[in-house]
Undergrad: 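The structure under discussion is supplied below as structure tokens; questions concerning it will follow.
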There are 2 protein chains.
Amino acid sequence: MTTTAERRERQRTQLIDAAEKAIAEKGLAGLKARELAQEIGCALGAIYNLVADMDELVLRVGSRTLARLDAALSAAEGKDTPASTDAAADRLVAVALAYCAFARDNLQLWRVLFEHRMAEGAVVPDWAVSEQMTLFRHILEPLSVLLPDRSEPECMLMSRTLFSAVHGVVAIGLEEKLIAVPRQDLDRQIEGLVRLVCKGLSVPD
Amino acid sequence: MTTTAERRERQRTQLIDAAEKAIAEKGLAGLKARELAQEIGCALGAIYNLVADMDELVLRVGSRTLARLDAALSAAEGKDTPASTDAAADRLVAVALAYCAFARDNLQLWRVLFEHRMAEGAVVPDWAVSEQMTLFRHILEPLSVLLPDRSEPECMLMSRTLFSAVHGVVAIGLEEKLIAVPRQDLDRQIEGLVRLVCKGLSVPD
DNA sequence: GAGAAATTTTGAACACCGTTCACAAAGCTT
DNA sequence: AAGCTTTGTGAACGGTGTTCAAAATTTCTC
């Protein structure tokens, strides 16, 4: 016997599935409540029994994307923790390139992680925040090897900066604006940037 | 005697003024056709005699923002072209910091430059593209001093990468997401990043 | 200048959006 | 089976950008 709660949970999953598919195919602007209702076979208003509003739905899709991104980055780095600075640099490069590859392969879903701003005044839920933070271990760990004599907060700060820098190159590179790094040069430029930073960090002033 | 064309041109300017003000105060989502019509004292439909659609209006506002950004960057760099690599690095730092300051002081208008994507299939007009390209001279010029033995296309590529990297740090830093570099550390991190890259570029492998 | 023709301005109407809510249907308890 | 509670429904609401027949205005012609 399927309880009401179980069925609802299943339907909620269907809804997120449909939303994920819609965003992947048509972008965030292509996410329509009426289409979703038709897709999962329920009334328009029923959607609001499954999620509070469209914002929550987008957030849930983002959560999935973040989980897949985490998996992709984990797969990219070698199993063992890097001991030498060279290995740490290699690992940072691998993570950056994996980030770029993921963004390319999941363009629309990845964009949503950043282009979606909450409705006026609404606060991002805690679970969404902590999900984002866990991703930083992929950078923080190798970076700590490169910066053995800096404090943990300082390493964290540098992690954020490095992430933001690589993210910027990827984000603008995957737009088709003319100011962008051409797609064919993207991987090379990203690797170059990360190696440049690693070299700069390990060379004394 | 004011001809029809003159009056129309004046009204178009009023419209862009109103749109600029609305975006600066309330963001891109706060740009409403009906409010603009009321603001400039014309009928709703009259807007479409002045611009083709809202996309064009946003583009025109962006054009103004780009012009002010160009002026801000020009003001930030010293008058004379840098001869030494040190001076070139200082200039790149100054430009990056000026970029950050401009973004901070013109947050909503600056965001529009990047977050606005054209409606399906519509192509960005040529004038908008060339405007963007001219901004690169602020980076390309000092960078050429730092990279005397690289080809011009290679310098251009490096310019795009460096711009994208700094842009990423600024863009994420000015969001209030927790993954961001804290605002108080932003300037320091940007300077650090640019100096790191400059150092890496001038040191032989 | 008067009248006709062309042009411009108007705002109601249209298509579409997310969201709500009175009501109908279904499920559950007694 | 009856009554009560929970859930599903889709028309309706307020909002958006855009259109277009008609009204107002300007321009042209004689």
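Numbered from 1 within each chain, the chains take letters A, B, ... in sequence-line order.
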Undergrad: Between D70(A) and R137(A), does any NZ, NE, NH1 or NH2 come within less than 4.0 Å of an OD or OE carboxylate oxygen?
TA: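 Yes, charged N to carboxylate O under 4.0 Å.
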Undergrad: What contact category does L50(B) fall into here, base, sugar-phosphate, or nothing, at under 4.0 angstrom with non-hydrogen atoms?
TA: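 L50(B): no heavy atom of the nucleic acid under 4.0 Å.
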Undergrad: Rounded to the nearest angstrom, tell me the gap between atom CD in E56(A) and atom C1' in dT19(C).
TA: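 Spelled out: CD on E56(A) to C1' on dT19(C) is 15 Å.
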Undergrad: Between L36(B) (CG) and dT9(C) (C1'), how many Å, whole number?
TA: 17 Å
Undergrad: Can you tell me the distance, in whole Å, between the CD atom of E35(A) and the C1' atom of dC16(C)?
TA: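 Rounded to whole Å, this separation is 11 Å.
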Undergrad: Rounding to an integer number of Å, can you tell me how far L15(B) CG sits from dG17(D) P?
TA: 12 Å
Undergrad: Please tell me if K32(B) has a side-chain N or O lying less than 4.0 Å from either OP1 or OP2 of dT16(D).
TA: yes
Undergrad: For the pair made of CD in Q38(B) and C1' in dT10(C), what is the distance, rounded to whole Å?
TA: 15 Å
Undergrad: Take atom CG of D53(B) and atom C1' of dT19(D), then tell me their distance rounded to the nearest Å.
TA: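 Going from CG in D53(B) over to C1' in dT19(D) covers 13 Å.
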Undergrad: Take the protein atom CD1 of I47(A) and the nucleotide atom C1' of dG18(C), then report the distance between them rounded to whole Å.
TA: 10 Å
Undergrad: Do the side chains of R64(A) and E131(A) get close enough for a salt bridge, i.e. N-O under 4.0 angstrom?
TA: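 No, R64(A) and E131(A) are not salt-bridged.
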Undergrad: So if I define the base as every atom that isn't primed, P, OP1 or OP2, how would nucleotides 5-12 of chain D read as a B/S/- string at a heavy-atom cutoff under 4.0 Å?
TA: --SBBB-B
Undergrad: For residues 139-157 of chain A, which side-chain donor-acceptor pairs fall under 3.5 Å, sequence neighbours excluded?
TA:
residue : atom : partner : partner atom : Å
E141(A) : OE2  : R91(A)  : NH2          : 2.8
S144(A) : OG   : L140(A) : O            : 2.6
S151(A) : OG   : E154(A) : N            : 3.3
E154(A) : OE1  : S151(A) : N            : 3.4

Undergrad: Does the ring centre of Y99(A) sit less than 6.0 Å away from the ring centre of H138(A)?
TA: no
Undergrad: Does the plane of the ring in F136(B) sit parallel, tilted or perpendicular to the ring in F163(B)? Use 30° and 60° as the thresholds.
TA: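 Ring orientation of F136(B) relative to F163(B): perpendicular.
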Undergrad: Starting from P on dT19(D), measure out to OH on Y48(B) and report it in whole angstrom.
TA: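 To the nearest whole Å, that distance equals 7 Å.
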Undergrad: With a 4.0 Å cut-off, would you call E9(A) and R12(A) a salt bridge?
TA: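 R12(A) and E9(A): salt-bridged.
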